[in-house]
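Letters go in sequence order (proteins before strands), and every chain restarts at 1. None of the values given here were measured: they were computed from a predicted structure.
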Number of protein chains: 2
Amino acid sequence: MAQTRRPYHHGDLRAALVDAGLEATRAGGPSDLILRDVARRVGVSANAAYRHFDDREALLAAVAAEILARVARGMAPAEPVNGTERTRALERLRSVGLGYIDFARREPGWFSVVFFGWRTGEAVATPPPGPFVALTDALDAMVAAGALNDAGRDGAEWLCWSAVHGFAELVLRGPLRDAPDDQVDRLAVRTVDAIIAGLDA
Amino acid sequence: MAQTRRPYHHGDLRAALVDAGLEATRAGGPSDLILRDVARRVGVSANAAYRHFDDREALLAAVAAEILARVARGMAPAEPVNGTERTRALERLRSVGLGYIDFARREPGWFSVVFFGWRTGEAVATPPPGPFVALTDALDAMVAAGALNDAGRDGAEWLCWSAVHGFAELVLRGPLRDAPDDQVDRLAVRTVDAIIAGLDA
DNA sequence: ACTCCTATGTGTACAGTGTGAACATTGGTT
DNA sequence: AACCAATGTTCACACTGTACACATAGGAGT
């Protein structure tokens, strides 16, 4: 029987490389994206990647973009419908923060890739769209619900983001790495609640 | 004239390597610690380093320890003497947080080395002594001054650390990288004040 | 003072990395 | 049918961390 000869041209190598990059980085983060290895997995020579990406860094950026797209797609709009508008807005903001931390814990590698995993200067100086707009929207809803005044709203994105990102970092690479899950759960809630409560300080 | 022949043995190679490591990582962080390069700078063969460190990772750890020691040494105990005990405790806690952020901004490379710069599993799961005890002490002083109740004190280290570390990360590698200095100043203050205010939420 | 041991430094070598340059193979357009 | 631009391959280079065998020297014990 004639064995199916692998065609010289791959078909959609770019997508295949990104896919392999997703697999490669899932466990260990950005540093586990080895160009030659990714190409090998796809069954293509190492330099073939250069027809689609300038650079290892460029492939990493593409992988990051894909992760971000999936995160955005998977963000359930599930807002609680019970309670006053005020409590609903608050609950929504809390769940955005807790969702960020949750993603970091469930997909540590991908989290590291997406959020500041690359070092090249020109890379994302603008915040990643998906989760970021979810945050600003939730904050705007807080204002609309009267749960946050204008002074407190100003710059609140950065305060919230700082808290949850820092917490994620402590859990992933910092001293909370070996803390038991339920304790991390409690601390996560406390961190989110604290930063929200402090917004209009 | 007899040129001063470099002696076969260096004298204190270990310290020299750590020094060179400090220089190397000062600008760009952990990934700029190239073992061969460090050895070259010291004027010694690449493998000489292995007589003093198991590993590149081990040298990096030694560099981190040295940075931490310097930070601890340079932490001025300058407490404000004016105001009530309560305001003094608060001011002290604020300055610990702002000091952390300040260090990150002034020495981004060293900051990255010390705070979770390495990825090896067994590395620092215990928090770095210097700044960490400063934080816990400041929090204890808050309790003593009646500015924080016991419920708020519980786990407060992690909340505070999360906020300032996350903020530093946003400024160093995140979307606040290109923000003007004075805006970053204001946001830093707001972040620290917010997390402190939220401690007893 | 002589010997020898051990700590410390050197040289060579290897596997693995990202990436540039020249060459090969196509599928689609004319 | 002929050609061209897109896509893959091969070869090569500089660089990394690190293992192994060897060289050197400083100090302890006789």
Could you tell me whether A/Arg36 contacts a base, only the sugar-phosphate backbone, or nothing, with contacts defined as non-hydrogen atoms closer than 4.0 Å? base

Among C/dG9, D/dC20, D/dG8, which nucleotide sits nearest the side chain of B/Arg51? C/dG9

Length of the CZ-C1' vector between A/Phe53 and D/dT7, whole Å: 14 Å

Listed nucleotide nearest any side-chain atom of A/Ala48, set D/dT16, D/dG8, C/dG18: D/dG8

Would you kindly check whether a donor in the side chain of B/Asp55 faces an acceptor in the base of D/dG17, or vice versa, at under 3.5 angstrom? no

Write down the distance between CG (B/Leu33) and C1' (D/dG17), rounded to a whole number of angstrom. 12 Å

Would you indicate, yes or no, if D/dG8 has its OP1 or OP2 atom less than 4.0 angstrom from a side-chain nitrogen or oxygen of A/His52? yes

Upstream residue (5' side of DNA chain C) when B/Ala49 and A/Tyr50 are each assigned their closest nucleotide: B/Ala49

Any A/Arg40 side-chain N or O less than 4.0 Å from OP1/OP2 of C/dT17: yes

Find which nucleotide of DNA chain D each of B/Leu35 and A/Asp12 is nearest to by heavy atoms, and output the residue with the more 5' nucleotide. A/Asp12

Just checking B/Arg14: base, sugar-phosphate only, or nothing, at a heavy-atom cut-off of under 4.0 Å? nothing

note: B/Leu13, atom CG; C/dT10, atom C1'; distance rounded to Å ~ 12 Å

Closer than 4.0 angstrom, basic N to acidic O: yes or no for A/Asp185 and A/Arg105? yes

Got a salt bridge between A/Asp140 and A/Arg153, using NZ or NE/NH1/NH2 to carboxylate O under 4.0 Å? yes

For A/Asp37 and C/dT17, give me the distance from atom CG to atom P, rounded to whole Å. 6 Å

Counting only pairs under 3.5 Å, give me each side-chain donor-acceptor contact of residues 187-195 of chain A, with atom names and distances, residues two or more places apart or in other chains.
{"residue": "A/Arg190", "atom": "NE", "partner": "B/Asp154", "partner atom": "O", "Å": "3.2"}
{"residue": "A/Arg190", "atom": "NH2", "partner": "B/Gly152", "partner atom": "O", "Å": "3.1"}
{"residue": "A/Arg190", "atom": "NH2", "partner": "B/Asp154", "partner atom": "O", "Å": "2.9"}
{"residue": "A/Thr191", "atom": "OG1", "partner": "A/Leu187", "partner atom": "O", "Å": "2.8"}
{"residue": "A/Asp193", "atom": "OD1", "partner": "A/Arg94", "partner atom": "NE", "Å": "2.6"}
{"residue": "A/Asp193", "atom": "OD1", "partner": "A/Arg94", "partner atom": "NH2", "Å": "3.4"}
{"residue": "A/Asp193", "atom": "OD2", "partner": "A/Arg94", "partner atom": "NH2", "Å": "3.2"}

Count the heavy atoms belonging to other residues, nucleotides or ligands that lie under 6.0 Å from CG of A/Asp182, then report whether that count exceeds 12. yes

With the side chain defined as heavy atoms from C-beta on, A/Asn47 is closest, among D/dC11, D/dT18, D/dA12, to D/dC11

For a quick check under 3.5 Å, do A/Arg173 and A/Ser112 share a side-chain donor-acceptor pair by atom type? yes

For B/Leu60 and D/dT18, what is the distance between atoms CG and C1' respectively, to the nearest whole Å? 17 Å

To the side chain of B/Ile34, which of C/dT17, D/dT16, C/dG20 is closest? D/dT16

